[in-house]
Asker: 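Quick one: the structure is below, and I'll ask about it shortly.
Position 1 is the first residue of the sequence; numbering continues from there.
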Amino acid sequence: MTLTRFAVELRSSVDGNMLRGHASVFGQLARMPGHWEQIAPSAFDAVLDRTDTDVRALMNHDPSALLGRQSAGTLRLKVDGDGLSFEVDLPDTSY
């Protein structure tokens with residue numbers, strides 16, 4: 001069995017019922033299994049320019065734990081100088 005560890009940096013904060021932070025940070029090298037990767041500042045341009053996308057904010061990538069979504073106006077995304085920033089209005093839920 002191989003154990004792989006990744007460093008995690010907290011890039012968010014909670015203010016009332018709003019969670020805000022950066023989902024992705026530009027220009028930082030990240031070591032992945034077998035390679036390194038870096039997110040370019042243009043990485044999200046195409047998807048953010050589309051009007052038919054409906055990005056969802058999920059707790060632990062679990063589709064049954066929805067925190068917010070673009071189409072409902074409870075998730076807002078934009079690119080700033082640091083990366084892909086987000087704001088999500090948190091629902092009244094235990095997760």
Side-chain angles (χ1 to χ4, degrees):
M1 174 159 108
T2 302
L3 177 64
T4 304
R5 294 176 189 249
F6 296 96
V8 176
E9 176 185 348
L10 179 63
R11 293 182 288 239
S12 63
S13 65
V14 177
D15 181 16
N17 74 326
M18 183 185 299
L19 176 66
R20 66 174 57 126
H22 284 86
S24 180
V25 177
F26 300 143
Q28 294 185 4
L29 285 173
R31 185 169 187 216
M32 304 303 286
H35 68 280
W36 290 83
E37 71 178 30
Q38 183 176 27
I39 305 297
S42 61
F44 302 101
D45 290 351
V47 72
L48 292 178
D49 287 343
R50 293 180 55 165
T51 58
D52 63 338
T53 59
D54 186 19
V55 177
R56 295 172 177 103
L58 306 174
M59 177 73 171
N60 293 326
H61 302 275
D62 181 350
S64 68
L66 180 65
L67 297 175
R69 63 190 301 170
Q70 274 185 307
S71 64
T74 55
L75 173 63
R76 293 163 300 282
L77 301 168
K78 70 178 181 179
V79 171
D80 63 21
D82 295 321
L84 179 66
S85 68
F86 71 91
E87 291 183 345
V88 60
D89 302 323
L90 297 173
D92 184 16
T93 180
S94 61
Y95 55 84

Asker: Show your working on side chain to side chain contact (heavy atoms under 4.5 Å, CB included) between Leu84 and Ile39 and close with a plain yes or no.
Answerer: CA-CA 10 Å; Leu84 179 66; Ile39 305 297; over 6 Å; no
Asker: With no hydrogens and no angle check, is any side-chain donor or acceptor of Gln38 less than 3.5 Å from a backbone partner on Gly27?
Answerer: yes
Asker: Is it true that Met18 and Leu75 fall in one hydrophobic cluster, defined by side-chain heavy atoms closer than 4.5 Å?
Answerer: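 Looking at the clustering, Leu75 is in a separate group from Met18.
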Asker: With distance as the sole test, does Asp80 use its side chain to make a donor-acceptor pair with the main-chain N or O of Asp82 at under 3.5 Å?
Answerer: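 Checked: pair present.
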Asker: Should Leu58 and Leu66 count as side-chain neighbours, where that means a heavy-atom distance under 4.5 Å?
Answerer: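 Yes, their side chains come closer than 4.5 Å.
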Asker: Can you tell me how far apart NZ (Lys78) and CD (Glu87) are? Round to the nearest 0.5 Å.
Answerer: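 Reported value, rounded in 0.5 Å steps: 7.0 Å.
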Asker: Would you indicate whether the side-chain heavy atoms of Leu77 and Val47 approach each other to under 4.5 Å?
Answerer: no
Asker: How long is the gap from CG on Leu67 to CZ on Arg56, to the nearest 0.5 Å?
Answerer: 12.5 Å
Asker: Of the non-hydrogen atoms in Ala23 and Phe86, which two are nearest, and what is the gap between them?
Answerer: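 Closest approach of Ala23 to Phe86, heavy atoms only: N-CD2, 3.6 Å.
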Asker: Treating Thr74 as the side-chain partner and Arg69 as the backbone partner, does any N or O pair qualify as donor plus acceptor under 3.5 Å?
Answerer: yes
Asker: If I take atom CZ from residue Arg20 and atom NE2 from residue His22, how far apart are they, to the nearest 0.5 angstrom?
Answerer: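 That separation rounds to 11.5 Å.
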Asker: Spell out, as yes or no, whether a donor-acceptor pair under 3.5 Å connects the side chain of Gln70 to the backbone of Val55.
Answerer: yes
Asker: Counting only heavy atoms not in Asp52, do more than 12 sit closer than 6.0 Å to its CG atom?
Answerer: yes
